[in-house]
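Each remark here refers to the structure printed beneath this line.
FYI, side chains are in, hydrogens and waters are out, and symmetry mates aren't considered; it's all heavy atoms of this structure. Just so it is clear, the structure is predicted and the values come from calculations on it, not from any experiment.
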Amino acid sequence: MAYPFSETEKKWQRYWLEHKTFKTEDKPDPKRPKYYVLDMFPYPSGAGLHVGHPEGYTATDIIARYKRLNGFNVLHPMGWDAFGLPAEQYAIETGTHPRVTTEKNIDRFRSQLQAIGFSYDWDREVNTTDPAYYKWTQWIFMQLYKKGLAYLADVPVNWCPALGTVLANEEIIDGKSERGGYPVYRRPMRQWMLKITAYAERLLNDLDELDWPESTKEMQRNWIGRSEGAEVRFKIDGHDEILEVFTTRPDTLFGATYMVLAPEHPLVHHITTDAHRAEVESYIREVSRKSDLERTELEKDKTGVFTGCYAINPVNNKKIPIWIADYVLITYGTGAIMAVPAQDDRDYAFAKKYALPIIRTVQPPEDFEGKAYTGDGIAINSSFLNGLKVNEAKEKMIQYLEENGLGKRKINYKLRDWLFSRQRYWGEPFPVLHDEEGQTCLVDETDLPVTLPEMEDFKPRPSDKDETEPQPPLSRAPESWKYVNKGGKIYRREYNTMPQWAGSCWYYLRYIDPHNDKALIDPDKEKYWMNVDLYVGGAEHSVLHLLYARFWHKVLYDVGVVSTREPFKKLVHQGMILGETEYTAYKDAQDNWLSFDKVSALSAKEMEEQGIKRIRLDEHQVTKSGDHFVLTEDNSIRVDARSFKMSKSRGNVINPDDIIKQYGADALRMYEMFMGPLEAMKPWSMTGVEGINRFLNRVWRLFIDENTQSVHAHISGDIQANNDQLRVLHQTIKKVSEDIENLRFNTAISAMMIFVNEANKWQRIPVGVLNEFLILMNPFAPHITEELWQRLNGASKGTIADQHWPVFEARYIEINEIEWVIQINGKIREKIKAPKNMERTAIEKLARESGRMPELLTGKTIRKIIVVPGKLVNIVVS
RNA sequence: GCGAGGAUGGCGGAAUUGGUAGACGCGCCAGAUUUAGGAUCUGGUGUCCCUGUGACGUGGGGGUUCGAGUCCCCCUCCUCGUACCA
């Protein structure tokens, strides 16, 4: 009989909840070491958990249980990132209030997580939509405001009229809204901005001290995009204004033969001459109509128009034409460039197209022509720079510019300030008041939280009119909410709400002190628990969430709320779980097989037009041939073999609930950990789940006699463990401990399988050996191990949660006799049993004389014998 | 284009500092048990050749070394990220 996972798992889940087994003490023993292991909390969507969630969550749960068994105070919490657009869109479509949907989804997520047996301290659950939580999100905003890090600005935003809100860049796919596929336009709007750029240097530098994936650190570095160069001031011919540009190549200034402004640059209208005005205006209109998608598509072909106006090159006083072109971005640098076609690919392409002059100022290698030279070399055509290498020339030019007031050294960042307001209902209200003069001030701290008003109609008001400023839902809130009397003066509240990122920027702090209504966090508790020792979550948050959270953390550090400069010491991304590998063959309209290499280049549309059909094949219908798969029945027909991202439309989604129902939570946990390395992307396999299920049943039968349904008679507390049993046990202790420390859960499980395979051969088994094994396996499969522990020990020893992790003792795995490998010229020729610590000369002699070695060595000259102690002997012969 | 990571049996994946390639699991093959199927248990399973104490074998090519999946150089392919950032 299979082990009764369903009752067993429910029994222990109930036990853990009732006994608060995994409660973290509010005043933990300060002498014990602490360990803070954190999951990225989920957005509780209507779809429920997918198999990606339990992957990272199981990994952290194993660590949490392992650390507890090793005597650590462990903080392992869970909560909900519950504000955001999906709940609001769903609300709009169905008329249900987002609060209702959100509560329902949270309840579902909580019960799903509890059904997997995660050891969270549920008394510390946080919810970003809870006023008691967002009170402190608003409080943090107030600190930002007071430090001048929050400001209102007219900025170009992604406005989606159909949804009635601005969208973040990541909420837009191919120029359309991610949700609904509605068109998105750029338009200027007055928005709250956070001055993350003020922290650019610290966000960049402090990356070095973090134990994070190198790729993630690199992405953040690229995102911050620090570059060193100079700001150069150009006079404009016939105008008083100065045109400032940023360049990383001040050394090429003598080669600047024209200037380019972004079409949105504020000086464009002013400097354009009447002769060119019509052309310029029409170009600007054309560009503004282009969506982001069109701009990318037209990437290669540069366009622009001449303004009719000239700038003066400050180093040689030459007049150079000023153009506008959309290859210059208003959002980077000063929105204007000096173009140096000889040393810049983009400028070169533009200069060629519009026949603008090209002057080389760095000597290219011989035979180099027809393109820009961006490498190092000697400065030419550059007056006082001539003969200098690029770096020297840069320095000298910057010095010259500074001495003559023509420019200065400058560090520029790609990072832009954070657009922090949304025209939505379902978000944190700003703790901000507006007076009639357009001045803003904060609400009194004692008035926090500013709660969301109850509203009948929280829908955004779609609008196509460009002229009217869109009105967020909160502008239709009851008058009593909208207007506030402060010190006898009437203010109106801010109608925008905060973006979804706000709540997730600091939730890891709130878990430490979740019910504190006097402060965001108690300083003593903060000092004890911070940093987060291990943070596990998806790589999709590599930049935004992790950068925003680091930014807020640094601000909180500056105002003295936290004591560490960085929140997350070690970060790991779990890899994506793909759908089951699919084998696909193709047939044409006449039902003839088509080899995959003939159809792989076709688009879905072309295939449909030609009547080509996809045929899903079973694993057994295909054969490997070279580096690809073919039909077993016709080897000339290639087959496509791939794993795809799980998606509803593909129909390859695995629901964790189904796995739990069929195989149990322990099987789900163990399978997800056994699939492969945590960080790797890997395909799901139903037969793999069955394999784990078989293993769990083997574990059950190792303890439980199928006939009597009680513990085997040959398992007893009176038996002394023999050497073999101690060796196998301690090898397992060693391997499992090391592997958990290094997050190599797949190989830890493999070690447990080896233990069970060995243990099944034993005639009589001491209880002590099995007890230690159960503790080792407990973090992975907590339900079955607790159940077996209870059946083995009764109530005498408490539960596994009360135990201590087994101590590895090297003496049990030391063996004298080992198998030495004997090689001739690096090829294995013989294996001999001999003492492990044998003397070099003795093992050499033994190697030469054992087995067929004398025969193989006949007529050969031994030139050298290499001995690797305890491993092998390599005899080098000529 | 640029940046990062990767390529090991039919499949997922193992392999301290260079030292027995393929642990463990899946699949497959054979046997046991069973009326049969399923489940379970035992054994086998990289490729090639009739064979062996054989040869070959970690994407391809070259190198270093007594010895390379591991180190160095060149190339191919895949995945992820990014995209006119001056």
Side-chain angles (χ1 to χ4, degrees), chain A residues 1-2 213-219 221-223 225 227 229 245-249 252 260 295-296 298-300 302 325-329 331-340 343-347 349-350 412-416 539-540 542-543 575-576 581 619-620 622-624 627 629 641 643 671 674-677 679-692 694-695 697-698 701 706 738 744 746-754 757 760 819-831 851-852 855-856 863-868 870-877:
Chain A
M1 194 191 116
E214 201 46 51
S215 59
T216 302
K217 289 207 262 184
E218 199 56 28
M219 276 166 75
R221 287 190 192 106
N222 291 341
W223 189 266
S227 51
V245 302
F246 173 73
T247 177
T248 54
R249 293 296 301 274
T252 62
V260 187
R295 278 212 189 187
T296 355
L298 299 169
E299 188 181 317
K300 293 287 175 284
K302 295 195 172 15
D326 68 351
Y327 82 90
V328 172
L329 308 175
T331 48
Y332 184 77
T334 61
I337 62 158
M338 63 178 215
V340 189
Q343 272 86 227
D344 183 282
D345 295 317
R346 297 153 300 181
D347 296 343
F350 193 80
N412 201 48
Y413 299 93
K414 215 156 82 182
L415 183 71
R416 285 176 251 151
E540 65 273 22
S542 289
V543 175
M576 199 194 303
T581 303
E619 198 185 332
H620 303 105
V622 299
T623 311
K624 187 104 181 220
D627 60 354
F629 281 90
S643 316
Y671 173 65
F674 189 61
M675 291 173 86
E679 299 94 325
M681 187 186 283
K682 45 219 174 248
W684 186 268
S685 157
M686 223 53 214
T687 53
V689 180
E690 283 165 15
I692 284 292
R694 276 202 281 273
F695 168 67
N697 277 302
R698 269 207 317 280
R701 287 195 309 269
E706 287 188 68
E738 286 172 0
R744 292 190 302 236
N746 53 333
T747 49
I749 293 171
S750 156
M752 294 178 223
M753 289 173 167
I754 292 169
N757 290 345
N760 267 318
E819 199 172 56
W820 290 78
V821 170
I822 314 301
Q823 300 178 326
I824 295 178
N825 288 348
K827 296 209 192 271
I828 298 156
R829 284 295 177 263
E830 193 61 78
K831 289 176 185 177
R852 59 197 176 95
E855 185 192 332
L856 291 168
R863 300 181 39 172
K864 201 163 155 194
I865 300 181
I866 286 137
V867 177
V868 181
K871 279 207 171 117
L872 62 76
V873 179
N874 187 13
I875 302 172
V876 185
V877 299

To the nearest angstrom, the CZ-C1' distance between A:Phe350 and B:C84 comes to 12 Å

Comparing A:Tyr327 with A:Met576, nearest RNA chain B nucleotide closer to 5' gives the residue A:Met576

inquiry  = Classify the ring geometry of A:Tyr332 against A:Phe246: parallel below 30°, tilted from 30° to 60°, perpendicular beyond 60°.
reply    = perpendicular

Suppose you measure atom C1' in B:C49 against the same atom in B:G38; what distance do you get, rounded to whole Å?
40 Å

Within a radius of less than 6.0 Å around CH2 of A:Trp223, do more than 12 heavy atoms belonging to other residues, nucleotides or ligands occur? no

When rounded to whole Å, the NZ to P distance for the pair A:Lys831 and B:U20 reads 10 Å

- Task: Applying side chain to side chain donor-acceptor pair (under 3.5 Å), run through A:Ser643 and A:Thr581 and close with a yes or a no.
- Result: CA-CA 4 Å; A:Ser643 316; A:Thr581 303; 3.1 Å; yes

Taken to the nearest 0.5 Å, the spacing of A:Arg416 CZ from A:Lys414 NZ works out to 9.5 Å

Is the side chain of A:Asn412 donor-acceptor paired with the backbone N or O of A:Gly229 at a distance under 3.5 Å, no angle test?
no

**Message:** Need one value for A:Pro677: base, sugar-phosphate or nothing, where a base atom within 4.0 Å counts as base even if backbone is also close, heavy atoms only.
**Reply:** sugar-phosphate

P-based separation of B:C73 from B:G54 [nearest Å]: 36 Å

Heavy-atom donor-acceptor pair, A:Lys682 side chain to A:Met576 backbone, under 3.5 Å: no

Which of B:U20, B:U40, B:G12 is nearest the side chain of A:Leu872? It is B:U20

Distance between P atoms of B:U42 and B:G52 (Å, rounded): 28 Å

Its glycosidic angle compared against 90° from 0, B:G9 adopts the form syn

Letter by letter from the 5' end, nucleotides 22-31 of chain B scores (B base, S sugar-phosphate only, - none; protein heavy atoms under 4.0 Å) -BBSSSS---

Closest to the side chain of A:Met681, out of B:C84, B:G13, B:U79, is B:U79

Practice task
Would you indicate what A:Lys414 reaches in the nucleic acid, counting non-hydrogen atoms under 4.0 angstrom: base, sugar-phosphate, or nothing?
Solution key: base

**Asked** Can any side-chain N or O of A:Asn874 pair as donor or acceptor with the backbone N or O of A:Ile866 at less than 3.5 Å?
**Response** no

- Touch class at under 4.0 angstrom, heavy-atom based, for A:Ile828 against every strand present: sugar-phosphate

To the nearest angstrom, the CZ-C1' distance between A:Phe695 and B:C41 comes to 17 Å

| message | Side chains of A:Trp820 and A:Val867, heavy atoms from C-beta outward: is any pair under 4.5 Å? | response | yes

| Under-4.0 Å side-chain N/O to phosphate OP1/OP2 contact, A:Lys864 with B:C66 | yes

Next item on the list: Please confirm whether the backbone N or O of A:Met686 pairs with a side-chain atom of A:Tyr671, one donor and one acceptor, at under 3.5 Å?
Entry: no

Annotated structure of RNA chain B as dot-bracket, pair cut-off 3.5 Å, Watson-Crick or G-U only, | for inter-strand, is (((((((..(((......[....)))((((((.......))))))(((.....)))..(((((..]....))))))))))))....

**Q.** Side-chain donor/acceptor of A:Lys302 to base of B:C84, under 3.5 Å
**A.** yes

Checklist entry - When rounded to the nearest Å, what value does the distance between C1' atoms of B:G18 and B:G67 take? => result 8 Å

**Report entry** Spacing of the C1' atoms in B:G31 and B:G19 (rounded, Å)
**Finding:** 38 Å

### Query
Is a side-chain donor or acceptor of A:Asn222 paired with a backbone partner of A:Gly225 at a separation under 3.5 angstrom?
no

If I pick the C1' atom on B:U64 and the same atom on B:C72, what distance separates them, to the nearest angstrom? 7 Å

In whole angstroms, the gap separating P of B:G5 from CD of A:Glu218 amounts to 9 Å

| Mind checking whether A:Tyr327 and A:Val260 have side chains closer than 4.5 Å, heavy atoms only? | yes

Open item on the list: Distance check, C1' atoms only: B:A21 and B:C56, in whole angstrom units.
Closed with: 14 Å

Testing B:A4, B:G19, B:A86 for proximity to the side chain of A:Phe246, the answer is B:A86

A:Met219 CE to B:A83 P, in whole Å, measures 10 Å

A:Arg829 atom CZ is separated from B:G54 atom C1', nearest whole Å, by 9 Å

- Message: Students often get this wrong, so: under 4.0 angstrom with heavy atoms, is A:Thr581 touching a base, only sugar-phosphate, or nothing?
- Response: nothing

For this session: Name the nucleic acid region contacted by A:Gln823, choosing base, sugar-phosphate or nothing; use a 4.0 angstrom heavy-atom cut-off, strictly under.
Result: base

Step through the shown structure and confirm whether more than 12 heavy atoms of other residues, nucleotides or ligands are within 6.0 Å of CZ on A:Arg221.
yes

* With P as the reference atom in both, quote the distance from B:U53 to B:G61 in angstrom, rounded to an integer. => 30 Å

The residue, A:Lys827 or A:Ala336, whose nearest nucleotide of RNA chain B is more 5′ is A:Lys827

Here the distance between atom C1' of B:G81 and atom CG of A:Asn222, to the nearest Å, is 9 Å

Taking B:C66, B:G81, B:A86 as options, the one with an atom nearest any side-chain atom of A:Ile866 is B:C66

A:Phe629 atom CZ is separated from B:C11 atom C1', nearest whole Å, by 7 Å

**Asked** Are side-chain heavy atoms of A:Met338 and A:Thr252 found at a separation under 4.5 Å?
**Response** yes

Can a cation-pi geometry be assigned to A:Lys302 and A:Phe350, taking NZ or CZ under 6.0 Å from the six-membered ring centre and within 45° of the ring axis?
-> no

Where do N or O atoms of nucleotides 45-47 of chain B meet protein N or O atoms at under 3.5 Å, pair by pair?
none

